[in-house]
Undergrad: 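What follows is a structure written as structure tokens; I'll ask about it next.
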Amino acid sequence: MQRHGPGTTAVPRMRVTGLLILVAHLLAVGWLTLRPRTVPWVPAANLQPLATIRAELVHGVSWDAVQHLGSSMLLLAPLGVLLPLSAGRLNVSPLVSWTRTVFAAAMISLAIELLQSGVPGRVPDIDSVLLSSLGVAVVHLAVVPGARRRLRRRYGDLGEVTPRIPRVELAPQADALSGGRTYL
């Protein structure tokens, strides 16, 4: 366990807080996107990438287009911060963190779109997956590297420390990996 001051443990607290907010956010997103809608007609499913975006922007940038595309980007955008927060890692490569976060968000978005195919009044749209992944990527790039930098400065550069148990020593590598011993 990493200590971050006199008697406090910040990383486990960050993880628990991140997980609680992440679960609350995903429940809200599920409620918003997976409840049935009563509509007189439903458009066909869009499985062609960028078709919806092109259709929205064909007549120029209007408030309706910005609202539709922006809502798709902002729906899962908090995952750009919540997923790394729930992991609770301070010392991780920015590229690895960004890749993990965007991939996880794309998979969550894809799962939502697949579940929408079975909900009355909802249709899957591949552009929603693209836009929500873009929103997560932008939020992650805007917030997470700076926040991690500030936290590392605040708590010092913390390396991954192997936990030590009193009166228990680590086995030498030669003993742990020797193939000469038989236990049968």
Side-chain angles (χ1 to χ4, degrees), residues 2 10-39 42-58 61 64-152 158 160:
Q2 298 173 347
V11 173
R13 227 177 317 140
M14 283 189 328
R15 284 182 183 163
V16 169
T17 303
L19 281 172
L20 289 175
I21 297 171
L22 177 67
V23 167
H25 177 70
L26 288 177
L27 287 173
V29 166
W31 182 78
L32 287 171
T33 58
L34 297 176
R35 58 188 177 145
R37 288 191 311 186
T38 305
V39 292
V42 178
N46 173 30
L47 301 178
Q48 181 182 3
L50 305 177
T52 303
I53 297 170
R54 254 187 256 118
E56 289 285 340
L57 298 176
V58 74
V61 178
D64 290 334
V66 169
Q67 188 177 6
H68 180 259
L69 298 176
S71 66
S72 293
M73 282 182 68
L74 293 176
L75 183 65
L76 292 179
L79 295 182
V81 174
L82 294 176
L83 288 172
L85 181 65
S86 64
R89 295 183 182 125
L90 289 179
N91 295 324
V92 66
S93 164
L95 180 63
V96 170
S97 174
W98 182 81
T99 305
R100 279 186 200 151
T101 303
V102 172
F103 179 75
M107 292 299 109
I108 290 170
S109 180
L110 184 62
I112 289 170
E113 292 300 320
L114 289 174
L115 289 172
Q116 278 184 348
S117 65
V119 177
R122 302 280 183 171
V123 291
D125 185 3
I126 193 67
D127 290 338
S128 293
V129 175
L130 296 174
L131 288 170
S132 61
S133 299
L134 178 65
V136 168
V138 168
V139 167
H140 186 281
L141 286 174
V143 176
V144 173
R148 279 194 175 132
R149 194 176 315 115
R150 272 183 259 123
L151 286 171
R152 278 194 301 264
L158 301 172
E160 293 297 322

Undergrad: Roughly how far, to the nearest 0.5 Å, is the CZ atom of Arg100 from the CG atom of Leu95?
TA: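 Answer rounded to 0.5 Å: 10.5 Å.
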
Undergrad: I'd like to check Arg122 versus Leu115 (side-chain heavy atoms, cut-off strictly below 4.5 Å). Are they in contact?
TA: no

Undergrad: Among Leu27, Val23, Val29, find the residue that satisfies the side chain to side chain contact (heavy atoms under 4.5 Å, CB included) test when tested with His25.
TA: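 That would be Val29.
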
Undergrad: Decide side chain to side chain contact (heavy atoms under 4.5 Å, CB included) for Ile126 and Gln48; before the verdict, give the C-alpha distance in whole Å, the side-chain angles of both, and the deciding distance to 0.1 Å.
TA: CA-CA 7 Å; Ile126 193 67; Gln48 181 182 3; 5.8 Å; no

Undergrad: Would you check if the side chain of Asp127 reaches a backbone N or O of Pro49 as a donor-acceptor pair within less than 3.5 Å?
TA: no

Undergrad: Got Val123 and Gln116 here, is their nearest side-chain heavy-atom distance under 4.5 Å?
TA: no

Undergrad: Output the distance between atom CG (Leu151) and atom CG (Leu90), rounded to the nearest 0.5 Å.
TA: 5.5 Å

Undergrad: Judged by atom type as modelled, is there a donor-acceptor pair below 3.5 Å linking the side chain of Ser117 to the main-chain atoms of Leu114?
TA: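 Present.
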
Undergrad: I'd like a table of donor-acceptor pairs (distance under 3.5 Å, sequence neighbours excluded) in which one partner is a side-chain atom from residues 70-85, with atom names and distances.
TA:
from	atom 1	to	atom 2	distance (Å)
Ser71	OG	Gln67	O	3.1
Ser71	OG	His68	O	2.9
Ser72	OG	His68	O	3.3

Undergrad: Taking all atoms of both residues into account, what is the closest heavy-atom pair of Glu113 and Asp125, and its distance?
TA: OE1-N, 2.9 Å

Undergrad: Enter the distance from Leu26:CG to Ile21:CD1 here, rounded to the nearest 0.5 Å.
TA: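 So the gap between those two atoms works out to 12.0 Å.
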
Undergrad: Is any side-chain heavy atom of Val119 closer than 4.5 Å to one of Arg35?
TA: no

Undergrad: Check Arg148 against Ser97 and note the closest heavy-atom contact, atom names and distance.
TA: NH1-OG, 2.9 Å

Undergrad: Rounded at 0.5 Å granularity, tell me how far CD1 in Ile112 sits from OG in Ser128.
TA: 10.0 Å

Undergrad: For the pair Arg15 (side chain) and Ser86 (backbone), establish whether a donor and an acceptor sit closer than 3.5 Å, ignoring hydrogens and angles.
TA: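 No, the answer is negative, given that no donor and acceptor are paired below the 3.5 Å cut-off.
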
